[in-house]
Trainee: 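Can you keep this structure in mind? I'll have questions shortly.
A quick note: this is a predicted structure, and the numbers were derived from the prediction, not measured.
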Amino acid sequence: MITKENILASAKKTILSESESIAKLADFVDANFIEAVQKIYNSKGRLVVTGIGKSAIIAQKMVASFNSTGTPSLFLHASEAIHGDLGMIQSEDVIICISKSGNSPEIKVLVPLLKRFGNTLIAITGNMTSFLAKGSDIVLNTTVDGESCPNNLAPTNSTTAQLVMGDALIVCLMEMRDFKPEDFAVYHPGGALGKKLLLRVKDMLEHSLKPMVAPEASIKKVIFEISEKRLGVTAVVENDKVIGIITDGDIRRMLNDRDTFADLTAKDIMTINPKITTSEAMVVEALNIMEDFSITQLVVVDNGDYKGVLHLHDILKEGIV
C-alpha cells in the first residue's frame, strides 16, 4: 500500500543512493582526469561531446555548460553521427563519448570511425572493460554500484555520475582559464547575471523623464514636476548643477508639519548633498548604494552635469534582483 510515509522514504532513499554514487567518483579522479583536462585546455579545436539515449541528454547539458564557460563545444548525437554528422568533426577537435555500458551498438560503430580521424577520444563510462573504454585514448570512470530505479534499469545514479564528472571537467577548465564573473556575463548578456555585470546606469536612464526645478520654484511647481515625471523625486538645479533633491516623502512631511506652503520654495524643503551615481557606473553598484542608505532613487551626475534619476523600480523590472 502506498502511503505518504512510503513516498517520503522512497524519495530520501533515491537521494541518498545518488549522493553516495557521486561521492565515490572522487576515488576515480586520477591521472586520466588530469590528462583529459589538459588535452581539452590545450586543444586548438573544439570539444565535441557525443552519446546515445540518456547519455546524449547529459552530453547536451555538458555542451551548454562548456560553451558558457569558455570552452567552445558542440553536441554530436551518436546515431546521427554515422549518418552524415561526422562531417562536423575537425582535425584538431577533442571528442568526449559518454556511455554507461560502453557496448551499445551505436557506440561500437562510432568508436572506430572517430579513431579513424585521429582525434583524441575521451570516454566517460561505467564499464572499464567495454568496447568504448578499450578504444579510447583516455577513460574517465563513472562506475556506480547500481541504479536507484527499483528494477535497477532506468538510468539514475549512472547519469548523475556522468553529469558530475562533466561538471568536474568544466570547473577545472574554468580555473585554468581564470574564468571570472565578467567573462561569464559575456556569454549570458540576457540573463540576470549578465545584467548585473554588464548593465550600466546610462542604459536605464529615461532622458525624457528628467525631473528638475529651480531653487526658487514654488511648492506647487515641485509637486507638479514630481507627479508629471513619475519618479517620486525631482532634482533642484541651479546653474546646471544639482544642489539638492525633493522626494514625495519630503512633500508629505512638509504637509504634516505646516498648514500652508504658500511662502515656501524648493530650496526650503530640499535635501542637500543627495546620494548620486554616474551614468558609467554599473547598475548593481547603484543598487548597492540604494540598499545601504534605504533609498529608492539616485541622482545621476557626470562631471557635475545632471543626467537624470535612476529608480529602484526600473532596476526591479530588469530582473536584476
Side-chain angles (χ1 to χ4, degrees), residues 25 28-100 102 104 106-107 109-126 130-142 158-181 183-188 191:
L25 287 182
F28 299 150
V29 176
D30 53 15
N32 284 299
F33 185 88
I34 297 172
E35 186 179 2
V37 172
Q38 291 175 334
K39 285 287 186 181
I40 298 170
Y41 178 75
N42 293 320
S43 172
K44 295 180 180 178
R46 305 154 306 172
L47 180 61
V48 179
V49 189
T50 186
I52 192 76
K54 303 298 187 297
S55 295
I57 297 173
I58 299 300
Q60 288 177 295
K61 187 274 175 187
M62 285 188 193
V63 166
S65 295
F66 278 122
N67 279 324
S68 67
T69 55
T71 300
S73 307
L74 55 87
F75 169 68
L76 173 65
H77 197 284
S79 64
E80 297 298 327
I82 59 179
H83 293 286
D85 281 2
L86 278 174
M88 69 174 62
I89 298 176
Q90 299 177 1
S91 61
E92 294 183 325
D93 293 343
V94 173
I95 303 169
I96 292 177
C97 186
I98 308 172
S99 172
K100 176 189 176 183
S104 65
E106 295 87 354
I107 296 299
V109 173
L110 181 60
V111 169
L113 297 175
L114 295 175
K115 294 300 295 179
R116 185 180 66 187
F117 290 109
N119 300 79
T120 296
L121 178 59
I122 302 170
I124 295 181
T125 183
S130 64
F131 185 88
L132 173 60
K134 291 178 180 179
S136 299
D137 300 296
I138 304 169
V139 183
L140 303 183
N141 188 354
T142 54
S158 59
T159 47
T160 301
Q162 294 168 355
L163 185 65
V164 171
M165 187 63 76
D167 286 343
L169 290 171
I170 291 160
V171 172
C172 288
L173 288 164
M174 288 177 67
E175 292 177 349
M176 291 177 73
R177 291 192 171 91
D178 193 24
F179 199 83
K180 293 182 169 55
D183 300 314
F184 191 86
V186 170
Y187 300 105
H188 295 73

Trainee: Can you name the closest pair of heavy atoms from F66 and S73 and give their distance?
Mentor: CB-OG, 3.0 Å
Trainee: Could you pull out all residues at least two apart from S158 that satisfy side-chain contact (heavy atoms from CB on, under 4.5 Å)?
Mentor: K100, V144, E147, P155
Trainee: Going by side chain to side chain donor-acceptor pair (under 3.5 Å), name the residues that satisfy it together with N141, two or more places apart in sequence or in a different chain.
Mentor: T143
Trainee: Has N119 got a side-chain atom pairing as donor or acceptor with Q90's backbone, closer than 3.5 angstrom?
Mentor: yes
Trainee: What salt bridge (charged side-chain N to carboxylate O under 4.0 Å, His left out) pairs are there with at least one residue in residues 75-91, not counting sequence neighbours?
Mentor: none
Trainee: In chain order, what residues pass the salt bridge (Lys or Arg N to Asp or Glu O under 4.0 Å) check against D178, with sequence neighbours excluded?
Mentor: K180
Trainee: So, taking the atom named CG in L169 and the one named OG in S65, what distance separates them when rounded to the nearest 0.5 Å?
Mentor: 11.0 Å
Trainee: Enumerate the residue pairs fulfilling salt bridge (charged side-chain N to carboxylate O under 4.0 Å, His left out) with a member in residues 62-71, sequence neighbours excluded, ordered by first and then second residue.
Mentor: none
Trainee: Which value, rounded to the nearest 0.5 Å, describes the distance between S79 atom OG and I52 atom CD1?
Mentor: 4.0 Å
Trainee: Does some side-chain heavy atom of L74 sit less than 4.5 Å from a side-chain heavy atom of N67?
Mentor: no
Trainee: Quick check against the 3.5 Å criterion: does S43 have a side-chain atom that pairs as donor or acceptor with the backbone of E92?
Mentor: yes
Trainee: Show every salt bridge (charged side-chain N to carboxylate O under 4.0 Å, His left out) that has at least one partner inside residues 40-53, sequence neighbours left out.
Mentor: R46-D93
Trainee: With sequence neighbours excluded, tell me which residues meet side-chain contact (heavy atoms from CB on, under 4.5 Å) with A168.
Mentor: F33
Trainee: Please name all residues satisfying side chain to side chain donor-acceptor pair (under 3.5 Å) with T160, sequence neighbours left out, ordered by chain then number.
Mentor: E18
Trainee: How close do I107 and C97 get, heavy atom to heavy atom, and via which atoms?
Mentor: CD1-SG, 3.6 Å
Trainee: Of all heavy-atom pairs between S130 and T125, which one has the smallest distance, and what is that distance?
Mentor: OG-OG1, 3.9 Å
Trainee: Rounded to the nearest 0.5 Å, what's the gap from CD1 on I170 to CG on L173? Could you check?
Mentor: 8.0 Å
Trainee: Return the minimal non-hydrogen interatomic distance between T159 and I58, and the atom names on each side.
Mentor: O-CD1, 3.7 Å
Trainee: To the nearest 0.5 Å, how far apart are CE in M165 and CG in L25?
Mentor: 5.0 Å
Trainee: Can you list the residues that meet the side chain to side chain donor-acceptor pair (under 3.5 Å) rule with T71, with sequence neighbours excluded?
Mentor: R177
Trainee: Show me the donor-acceptor pairs within less than 3.5 Å that the side chains of residues 131-140 make with the rest of the protein, sequence neighbours left out.
Mentor:
from : atom 1 : to   : atom 2 : distance (Å)
S136 : OG     : L132 : O      : 2.7
D137 : OD1    : K115 : NZ     : 2.8
D137 : OD2    : K115 : NZ     : 2.9
D137 : OD2    : L121 : N      : 2.8

Trainee: Could you pull out all residues at least two apart from I34 that satisfy side-chain contact (heavy atoms from CB on, under 4.5 Å)?
Mentor: Q38
Trainee: Working to the nearest 0.5 Å, report the span between CD of E175 and OH of Y41.
Mentor: 12.5 Å
Trainee: In the structure I gave you, are the side-chain heavy atoms of H77 and T50 within less than 4.5 Å of one another anywhere?
Mentor: no
Trainee: Which residue pairs pass the salt bridge (charged side-chain N to carboxylate O under 4.0 Å, His left out) test when at least one of the two sits in residues 47-75, sequence neighbours left out?
Mentor: K61-D167
Trainee: Hey, mind stepping through I95 and L76 against side-chain contact (heavy atoms from CB on, under 4.5 Å) and telling me if it holds?
Mentor: CA-CA 10 Å; I95 303 169; L76 173 65; 6.0 Å; no
Trainee: Of the non-hydrogen atoms in M176 and V37, which two are nearest, and what is the gap between them?
Mentor: SD-CG1, 3.2 Å
Trainee: Which pair of heavy atoms, one from M62 and one from G166, lies closest together, and at what distance?
Mentor: CE-CA, 3.6 Å
Trainee: Working to the nearest 0.5 Å, report the span between CD1 of I122 and CG of N32.
Mentor: 10.0 Å
